[in-house]
Amino acid sequence: MLRLHSAQVSLRHIWAVTRKEFNHIVRDRSTLILVLFTPTLVLLLMAYALTVDLKNIPIAVLDFDCSQTSQAFIQQITAGQDLDIYAYATSMEEINTMLMRGQIKAAVIIAPGFASDLQALKGIPLQVIIDGTEPESGNFAVEHILQRAEEFIDDALTKQLRAQGISIDSLQALNLRVQTWYNPDLKPRNALIPGLISMVLGFPALSVALTLAHEREHGTLEQLLATPIGRAELLLGKIIPYIIVGLINVIIIPFLSISWFHISLNGSFLLFFGLSAIFMFAVLSMGMVVGVFMRTQAAALALSFLVIFFPGFFLTGIFFPLASMPEEARLEAMGLPGTHYAIITRGIFLPGVGMDVLWPYAVMMLGLGVVFTALAALFFRKKLG
Amino acid sequence: MTSIIETKDLIRDFKKTRAVDGLTLSIALGELFGLVGPDGAGKTTTLRLLAGLLDVSEGDASVLGYDLKEKAESIKPHVGYMAQQFSLYGELSVMENLQFFAELFDVTPKDMAERTERLLTFAGLTEFKKRRAVNLSGGMQKKLALACTLIHEPEILLLDEPTTGVDPISRREFWNILTELHLQGTTIIVSTPYMDEADRCSRVGLMYAGKLVECDSPKNIREKLEGDVIEIQPEDWQKALKTVAGLSGVREAQTYGESIHLLVDSGKRRLPEIERVLKKEKLAYRSIRIAPARMEEAFISLIRKLEA
């Protein structure tokens with residue numbers, strides 16, 4: 001029998017608080033919407049904002065060559081959706097104006113003699129100008145154009161060699177292949193979304209951090225503290241309903257990621273669910289520690305952002321790799337349930353690993369949960385003022 | 001008489017104020033004790049201390065023999081505390097609030113069923129038992145709060161201004177319930193701003209600036225009022241009030257509707273004098289008489305004396 005504060009923990013007391021809290025969540029529509037849909041909303045928002053697939057970048061073309069070959073080259077580089085031709089310029093001044101106005105992000109200038117130089121296998125006289133104020137788009141355009149230009153030259157070369165009767169196979173000098181595992185098309189979303197999932201599923205911690213302050217502000221805490229309820233009973237009773245609501249999100253969020261973002265879940269969903277339950281316990285206990293110290297909801301909210309969300313963002317390795325963090329930051333990261341959960345989520349979603357690999361992280365989360373609950377119960381006093 | 005609540009030089013400090021300042025009080029089993037005093041006198045803090053909701057800063061206090069500094073949790077099963085403001089769960093129904101507190105106070109399911117029925121009838125809430133507490137009227141909320149504090153049949157009731165903001169009929173019903181509980185032997189400590197309610201208590205404690213300045217039966221407190229009350233019913237009370245308020249021997253002038261209550265040093269001596277002045281000033285009046293002092297006059301005069 002668990003003994004805390006010289007009082008036996010009564011399941012009936014815990015259950016009474018859990019039911020009350022659950023009714024509060026379900027009957028207060030704004031709370032219900034907040035706890036049920038915030039994770040979904042934030043996941044959608046961040047997934048789109050953080051992984052913009054660059055496409056339809058406007059460029060201008062200035063063709064001094066005006067040959068069939070240069071026309072074919074322009075078609076080659078603008079095939080697909082990556083680059084859009086905004087205008088065919090006739091002078092450098094025009095290009096300058098369009099860049100200044102931000103109408104185009106890059107310009108391709110084909111020098112005179114493009115066709116003849118290619119024919120003579122002298123390479124191609126090609127100039128690309130990019131808008132340095134937006135390097136992402138510009139670099140993307142340059143890479144794209146270079147790649148297409150190489151293909152174009154390759155094709156031209158092959159044709160010429162064929163015409164001269166030389167077999168192309170004998171020319172395979174170097175064959176470098178890069179293999180990417182787990183995320184073969186290296187889509188940033190595939191890697192990011194499991195990380196984001198681990199972050200948004202921690203959101204109910206915020207509601208838990210607010211629940212004690214909410215009772216304090218509404219005066220209900222006064223009546224509650226006048227009852228013989230034990231401290232641990234009260235705190236556990238308040239955490240349990242949010243674990244349940246959190247687990248509903250553990251079903252919604254992967255479903256959304258799979259059906260909407262086409263992320264594949266390579267590991268076991270049951271394992272994910274089970275480890276998510278441990279994570280809920282740990283992260284909600286952390287929220288409760290915040291709630292125990294803060295008197296008002298506004299203060300609890302502010303502290304939650306400071307100690308739960310910002311570290312969750314920067315330290316859990318979702319956006320910045322743990323390996324490149326300084327020693328102190330890595331140590332702090334170990335104290336956050338989100339760090340371990342991010343590893344677990346990525347592990348189950350991408351390579352699809354099992355408990356044989358993930359058990360140390362599960363143990364860490366469980367340990368953190370117990371420590372946080374104990375801290376909350378230790379510092380929570382059944383007193384007003 | 002066995003005393004079940006004892007405090008000695010009890011002090012409670014907040015950051016900037018000393019809310020309770022050396023309170024020494026002894027309350028016997030079965031008393032209906034009224035705590036009165038102006039706003040900020042320390043009534044709420046006293047009740048919260050006795051309910052174990054605040055830490056004792058200095059001094060001693062015990063409830064049912066449990067030291068409040070060491071064993072505040074042990075008193076909770078025996079005490080029913082009702083906060084001044086509405087502090088039940090608005091989104092829970094009447095029935096659910098009762099059940100919630102029954103479970104926290106370890107009332108057995110069998111007792112719970114029987115007591116909720118009885119308390120709902122007692123509080124006149126039977127037909128509203130499915131209504132959410134937030135949708136009840138102010139008076140009904142107070143009665144529900146009382147029902148919730150009674151669910152575990154506490155030996156001691158601590159009620160903080162239970163009838164403030166309640167209509168007169170609900171107020172009377174509420175006091176009928178309290179009287180019944182008092183007759184059944186429950187010890188009740190109730191704070192109130194209403195002097196007619198203080199009059200219904202077996203003993204009244206007057207708090208002022210964190211101290212208990214007077215503690216006696218309502219009858220004795222009334223008698224402690226020095227001087228007499230002269231009640232005048234003038235035709236034009238505004239003019240009459242201006243005229244009589246400054247007369248010698250008049251300590252206080254209060255108005256009750258259209259009548260004026262004068263607190264004077266001696267009724268017999270001042271009554272003819274006042275009559276003479278009123279006639280001289282040609283101020284007509286329907287009646288003038290020496291009236292028995294009420295709790296209210298006694299209270300105001302005591303407070304004025306302390307403030308002076």
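Per chain, numbering begins at 1; letters A, B, ... match sequence-line order. On a predicted model such as this, the values are computed, not experimentally measured, just so you know.
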With a 4.5 angstrom heavy-atom cut-off, which part of B:Glu103 approaches chain A: side chain, backbone, both or neither? both

Without hydrogens or angle criteria, can the side chains of A:Tyr341 and A:Ser276 be said to hold a donor-acceptor pair below 3.5 Å? yes

Of the backbone (N, CA, C, O) and the side chain (C-beta and beyond), which part of B:Phe101 lies under 4.5 Å from a heavy atom of chain A, both, or neither? side chain

For the candidates B:Glu96, B:Glu91, B:Met82, which exhibits the highest count of non-hydrogen atom pairs separated by less than 4.5 Å from chain A? B:Glu91

Per-residue contact mode, A:His24 against chain B (heavy atom under 4.5 angstrom): both

So which of B:Leu158, B:Val79, B:Val107 has the largest heavy-atom pair count under 4.5 angstrom toward chain A? B:Val107

NZ or CZ of B:Arg171 within 45° of B:Tyr194 ring axis and under 6.0 Å: yes

Contact class of B:Asn97 relative to chain A, heavy atoms under 4.5 angstrom: neither

Check whether B:Thr45 gets within reach of chain A through its side chain, its backbone, both or neither, counting any heavy atom under 4.5 Å. neither

Applying a strict 4.5 Å limit to non-hydrogen atoms, the region of B:Thr149 in contact with chain A is side chain

Compute both the distance and the angle, then confirm whether B:Arg12 meets the cation-pi test with B:Phe14: under 6.0 Å from the six-membered ring centre, within 45 degrees of the axis. yes

Which one of B:Cys148, B:Ala83, B:Ser74, B:Ala102 has the most heavy-atom pairs closer than 4.5 Å to chain A? B:Ala83

Ranked by heavy-atom pairs below 4.5 Å to chain A, first place among B:Gly90, B:Ala51, B:Pro77 goes to B:Pro77

So, for A:Phe281 and A:Phe372, is the gap between ring centers shorter than 6.0 Å? no

Interface moiety of B:Pro109 toward chain A, non-hydrogen atoms closer than 4.5 Å: both

Are B:Lys71 and B:Asp67 close enough for a salt bridge, meaning some N to O gap below 4.0 Å? no

Side-chain donor or acceptor of B:Thr163 paired with backbone N/O of B:Val166 under 3.5 Å: no

Taking 4.0 angstrom as the limit, do B:Lys8 and B:Asp60 come out as a salt bridge? no

Between the side chains of B:Arg118 and B:Glu114, is the shortest nitrogen-to-carboxylate-oxygen separation below 4.0 Å, so that they form an ion pair? yes

